[in-house]
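Below is one structure, written out as structure tokens; comments come after it.
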Amino acid sequence: MPSYLWQLLHAQEETLRAYGGLRKIFYGGEHFTREQRRALEERFGIEVVHSITYGSTDLGPLGYQCTESSGGVHHLHADLHTMEIVDLAEDRPVAPGETGRLVFTTHARRGQQLGRYLIGDLGREVPGRCACGRHAPRFELMGRTGDVMRVATYFLNHRRILSLAEEQGGYRGELQIRLEAADARERLTVRVERGGTTDPERLREVFLTGYPELRAAVTERLLDLVVEAVDGAALDRSPTSGKLLAVVDTRRQEPR
């Protein structure tokens with residue numbers, strides 16, 4: 001998984017760069033961001049970075065990447081499943097191209113019927129014919145349903161904060177959000193990996209400038225925004241899968 005690979009490559013960067021034999025990475029479970037893939041190409045000479053499959057324990061394989069797909073874009077295993085994309089709050093289809101909850105119905109599973117199964121992932125339809133020539137529908141993974149947070153009366157999205165960090169802040173690394181309840185207001189801490197080019201204050205300005213809802217929450221004194229740089233090993237991960245936890249919400253455990 002990307003979390004493991006990212007840690008391994010950076011912990012053993014000198015050795016692996018000297019080796020120079022890494023050419024391809026195939027991953028599952030999560031996906032590398034555009035800036036992370038660029039870092040792999042530039043620093044390690046990786047030529048191919050692709051998802052090997054997209055699936056779940058309950059439903060099995062759901063999607064695959066062709067040579068023309070990258071990031072979170074996958075073709076649907078249309079002979080195995082039907083996919084719907086529904087609104088975040090209501091059980092209705094989203095407009096074409098909008099992000100919603102992914103719902104799958106499997107046609108080939110034996111022993112049990114899984115119809116309109118909510119997998120917990122967010123995604124959007126990718127329109128048009130793929131350059132690879134396949135007719136199977138395409139979709140792009142856009143994070144987990146838990147990545148959308150209700151904070152200080154606003155709905156905020158982890159992926160949008162990550163995109164701002166990469167596109168406006170030039171950040172290449174893992175990013176985690178920690179939510180806490182404070183006496184006067186809530187606190188949102190963006191945790192990024194410590195590095196030579198990581199500038200927490202610069203990133204904080206990027207978030208406030210590029211995310212109007214976040215800026216409004218801070219301006220209205222409903223939310224404290226903190227950006228801190230930590231060692232990558234200090235980021236919270238799932239104890240069972242090892243995946244990076246995009247959002248850690250401690251408000252559920254703390255008294256209000």
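Residue numbers count from 1 along this sequence. Worth saying up front: this structure is predicted, and the values here are computed from it rather than measured.
Remark: the backbone N or O of R187 is not paired with any side-chain donor or acceptor of E180 at under 3.5 angstrom. Without hydrogens or angle criteria, D231 side chain to A233 main chain gives no donor-acceptor distance under 3.5 Å. Checking side-chain atoms of R185 against main-chain N and O of L222 turns up no donor-acceptor pair under 3.5 Å. In this structure, the side chain of R101 engages the main chain of D87 through a donor-acceptor pair within 3.5 Å. Checking side-chain atoms of R138 against main-chain N and O of P127 turns up a donor-acceptor pair under 3.5 Å. Listed for the R204 side chain is a donor-acceptor partner under 3.5 Å among the backbone atoms of L225. In this structure, T209 contributes its side chain and E205 its backbone to a donor-acceptor pair below 3.5 Å. A donor-acceptor pair under 3.5 Å is formed between the side chain of E193 and the backbone N or O of E174. At distances below 3.5 Å, not a single donor-acceptor pair connects side-chain atoms of H81 with backbone N or O atoms of G63. No side-chain donor-acceptor contact under 3.5 Å links Q176 to the backbone of A246.
The shortest distance between side-chain heavy atoms of L22 and L40 does not fall below 4.5 Å. The closest side-chain heavy-atom distance from T189 to V230 is not below 4.5 Å. L122 is listed as a side-chain neighbour of V148, based on a closest heavy-atom distance under 4.5 Å. Looking at M149 and D249, their side chains never come closer than 4.5 Å, going by heavy atoms from C-beta outward. Looking at V227 and D199, their side chains never come closer than 4.5 Å, going by heavy atoms from C-beta outward. Side-chain atoms of H75 and C66, non-hydrogen and from C-beta on, do get closer than 4.5 Å to each other. Counting heavy atoms from C-beta on, the side chains of F32 and L5 come closer than 4.5 Å. Proximity of K243 to R144: side-chain heavy atoms (C-beta onward) are nowhere separated by under 4.5 Å.
Salt bridge annotation for R43-E13: present, with a cationic side-chain nitrogen under 4.0 angstrom from a carboxylate oxygen. Using a 4.0 Å cut-off between a side-chain N of Lys or Arg and a carboxylate O of Asp or Glu, E228 and R178 do not qualify as a salt bridge. Remark: R38 does not engage E41 in a salt bridge, criterion side-chain N to carboxylate O under 4.0 Å.
Annotation for R34: atom CZ does not count as buried by contact number, only 12 or fewer foreign heavy atoms lying within 6.0 Å. Residue-environment remark: CZ (R221) stays at or below the threshold of 12 foreign heavy atoms within 6.0 Å. For CD of E90, the number of neighbouring non-hydrogen atoms (other residues, nucleotides, ligands) closer than 6.0 Å is greater than 12. Within a 6.0 Å sphere centred on CD of E42, other residues, nucleotides and ligands contribute more than 12 heavy atoms.
When every heavy atom of I46 is checked against every heavy atom of V49, the shortest pair comes out as CG2-CG2, 3.6 Å.
Side-chain atoms of E220 and Y154 form a donor-acceptor pair, as typed in the model, at a separation below 3.5 Å. No donor-acceptor contact under 3.5 angstrom links the side chains of H74 and S69, judged on distance only.
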Go through L188 and L156 one step at a time and tell me if the side chain to side chain contact (heavy atoms under 4.5 Å, CB included) criterion holds.
-> CA-CA 11 Å; L188 187 153; L156 303 177; 3.9 Å; yes
Residue pair E35, E167: steps toward the side chain to side chain contact (heavy atoms under 4.5 Å, CB included) verdict | CA-CA 8 Å; E35 289 301 317; E167 297 170 8; 6.0 Å; no
Using the side chain to side chain contact (heavy atoms under 4.5 Å, CB included) rule, take M142 and D147 through it: C-alpha gap first, then chi angles, then the decisive distance, then the call.
-> CA-CA 9 Å; M142 303 297 290; D147 294 352; over 6 Å; no
For R237 and M1, what are the C-alpha separation, side-chain angles and deciding distance, and is it a side chain to side chain contact (heavy atoms under 4.5 Å, CB included)?
-> CA-CA 12 Å; R237 303 179 189 277; M1 292 190 296; over 6 Å; no
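A centroid separation of less than 6.0 Å is found between the aromatic rings of F139 and Y54.
Screening R37, R23, K24 for a salt bridge (Lys or Arg N to Asp or Glu O under 4.0 Å) with E47, the sole residue that qualifies is R23.
Note: H77 and Y64 have tilted aromatic rings, judged against thresholds of 30 and 60 degrees for the angle between ring planes.
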